[in-house]
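FYI, the numbering just counts along the sequence from 1.
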Amino acid sequence: MTNRRIRLSPRTLLLAATAWLLAAVFLLPYLEMVVTALRPADELRDATYLPRQFAWSNFVKVWRDSTLGANLRVSLLVAGGSTLLALLVALPAAYHTARIRYRGRRLFLLLVLVTQMFQPTSLLVGLYREFYQLDMLNSVWTLILCNAAFNLAFAVWILTAYIGSIPAELEEAAMIDGLGRIGVLRRVVLPLAMPGVVTALIFTFIAAWNEFVMGLTLSTAPQSQPLTVGLNSFIGDYTVQWNYLFAGSVVAILPVVVLFALIERQVVSGLTAGSVK
C-alpha cells in the first residue's frame, strides 16, 4: 500500500489557523481562571504567567471550609428541576399551539413573547412576599418554580416554531395507524423536534444555572443558596479571595461542560431520529 499525502489548500490552512486563533482567544480567560485558582495567597499579585508553586490545596480548602458542596447540590437541583418542569409544560403547550388553530392563538404567542421583556428583579418584591406568606423561603422548590416560570415562555416560543415546521402529514399517517395525540407527540413529534428540545433545554439550564438575584433574595441561609450566590461569599468588603473565588468558579463550570458534551451527541442524533423510511 502506498502512502497518500493529503494536500491542504491555502484556504483550508487559513480557516484552520483562524479557528485555532479564535479558540485560543475564547479559552484564554478560562486558562487564567485555572492558573489563578492554583496560585498560593502570597503569589496573587505576582506578574508571572504561572505560579512558582501550584497550590492544589485551594480546591480542598474551598470544598472543606465553605458551603460550596451544598451550594453545588442546590444549583444542580434547581437547574435540573426547573429545566425538566419547563420542558414538561412547554412541550404539550407548544404542540397544541402549533397544531390547533384556535381563536386567540396569535394573541397567546404575543403574550408569551411579551413576558420575556419582564426582568425577574422587577417582580422580586412580590415574589418575596408571596413565598414568605407561604413559608417557602430557603426552599429548593421555590427556586425551581421561579426559574421554570421565567424560562417557560422562551421554551414555548422555540418549540412552537420548531414543531410548526414538522409536516402534519406525518402525524396524520401515524393516526391512521392507530396512534392517538399523546402517542403521536411521544413517538413522532418528539424525536423530530429533538434539536428544538435540546435548544430549549440548553437555554433553560444555563439561565437557571447562572441565576443570581432570585437565589440571593429568596434564599438567605448559606446552605440553601445556589452556587452563584455561594461564590459571592469569597468577595468581602475590603478584600477578595481570588484564589478561592476562581477555584470555586472552576468547580462551577464543570457541570456545564459535561452538559454540553452530552448535549452535542443528542443534537447530532436528533437530526436523524424519527426520519421517514
Side-chain angles (χ1 to χ4, degrees), residues 13 15-83 140 143 147 151 198-199 201-216 219 222-268:
L13 293 175
L15 290 176
T18 304
W20 280 105
L21 179 61
L22 291 176
V25 170
F26 282 106
L27 290 176
L28 277 177
Y30 296 98
L31 179 61
E32 179 65 23
M33 179 176 63
V34 174
V35 171
T36 305
L38 295 174
R39 286 185 182 273
D42 56 352
E43 295 186 28
L44 288 175
R45 297 184 179 275
D46 292 354
T48 56
Y49 290 103
L50 295 176
R52 292 187 296 271
Q53 183 178 1
F54 290 95
W56 297 97
S57 59
N58 288 340
F59 291 94
V60 178
K61 292 180 181 178
V62 164
W63 192 266
R64 181 187 60 194
D65 300 337
S66 68
T67 60
L68 186 68
N71 301 143
L72 179 61
R73 181 182 63 85
V74 171
S75 289
L76 289 173
L77 291 175
V78 170
S82 59
T83 301
V140 175
L143 299 179
N147 282 283
N151 292 288
V198 170
T199 301
L201 185 149
I202 290 174
F203 279 93
T204 304
F205 186 91
I206 296 301
W209 184 264
N210 292 331
E211 202 284 320
F212 176 79
V213 178
M214 284 192 299
L216 180 64
S219 297
Q223 298 287 340
S224 63
Q225 292 175 336
L227 192 58
T228 52
V229 182
L231 290 176
N232 195 51
S233 62
F234 298 111
I235 303 176
D237 295 333
Y238 302 102
T239 58
V240 179
Q241 297 173 301
W242 292 109
N243 50 347
Y244 297 149
L245 177 62
F246 283 126
S249 300
V250 171
V251 175
I253 67 173
L254 290 180
V256 180
V257 173
V258 173
L259 173 67
F260 271 93
L262 297 176
I263 289 301
E264 182 183 3
R265 300 176 184 176
Q266 296 297 326
V267 171
V268 175

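The structure places CD of Gln53 at 12.5 Å from CZ of Arg39, a figure rounded to the nearest 0.5 Å. One distance of note links CE of Met33 with CG of Leu28; it measures 12.5 Å at 0.5 Å rounding. Here the OH atom belonging to Tyr244 is positioned 14.5 Å from the OG atom belonging to Ser249, to the nearest 0.5 angstrom. If you take CD on Glu211 and CG on Leu216, they are separated by 9.0 Å, rounding to the nearest 0.5 Å. Rounded to the nearest 0.5 Å, atoms CG (Leu13) and OG1 (Thr18) are 10.5 Å apart.
Among residues two or more places apart in sequence or in another chain, the ring-ring contact (aromatic ring centres under 6.0 Å, His included) test is passed with Phe212 by none. When the side chain to side chain donor-acceptor pair (under 3.5 Å) test is applied to Arg64, no partner is found at least two apart in sequence or on another chain. For Asn71, the side chain to side chain contact (heavy atoms under 4.5 Å, CB included) partners are Thr67, Gln225, Leu227, not counting sequence neighbours. Considering only residues two or more places apart in sequence or on other chains, Val256 meets the side chain to side chain contact (heavy atoms under 4.5 Å, CB included) condition with Ile206, Trp209, Phe260. Partners of Asn243 under the side chain to side chain contact (heavy atoms under 4.5 Å, CB included) rule, at least two apart in sequence or in another chain, are Ala41, Leu44, Asn58, Gln241.
Contact annotation: the side chain of Leu38 never approaches that of Leu50 to less than 4.5 Å [non-hydrogen atoms, C-beta and beyond]. Contact of the Asn147 side chain with the Met214 side chain is registered, since non-hydrogen atoms from C-beta on lie closer than 4.5 Å. Between Ser224 and Val140 the shortest side-chain heavy-atom distance does not fall below 4.5 Å. Between Val62 and Val251 there is no side-chain heavy-atom pair separated by less than 4.5 Å. Looking only at side-chain heavy atoms (C-beta outward), Asn151 and Phe203 stay at 4.5 Å or farther from each other. Considering only heavy atoms from C-beta on, Val35 stays 4.5 Å or farther from Phe246 through its side chain. The shortest distance between side-chain heavy atoms of Gln223 and Val74 does not fall below 4.5 Å. The side-chain heavy atoms of Ile235 and Asn232, taken from C-beta on, include a pair separated by under 4.5 Å.
Evaluation of the side chain to side chain donor-acceptor pair (under 3.5 Å) test over residues 21-34, restricted to residues two or more places apart or in two chains, returns Glu32-Thr36.
Contact record, Leu76 with Pro255: CD2-CB, 4.1 Å, taken as the closest heavy-atom pair. Closest approach of Val34 and Val250 over heavy atoms only: CG2-CG2, 4.1 Å. Considering every non-hydrogen atom in both Ala247 and Phe59, the closest pair reads O-CE2, 3.6 Å.
Judged purely by atom type and a 3.5 angstrom limit, Thr83 has no side-chain atom pairing as donor or acceptor with the backbone of Gly80. A donor-acceptor distance shorter than 3.5 angstrom exists from the side chain of Ser82 to the backbone of Ala79, with no hydrogens or angles considered.
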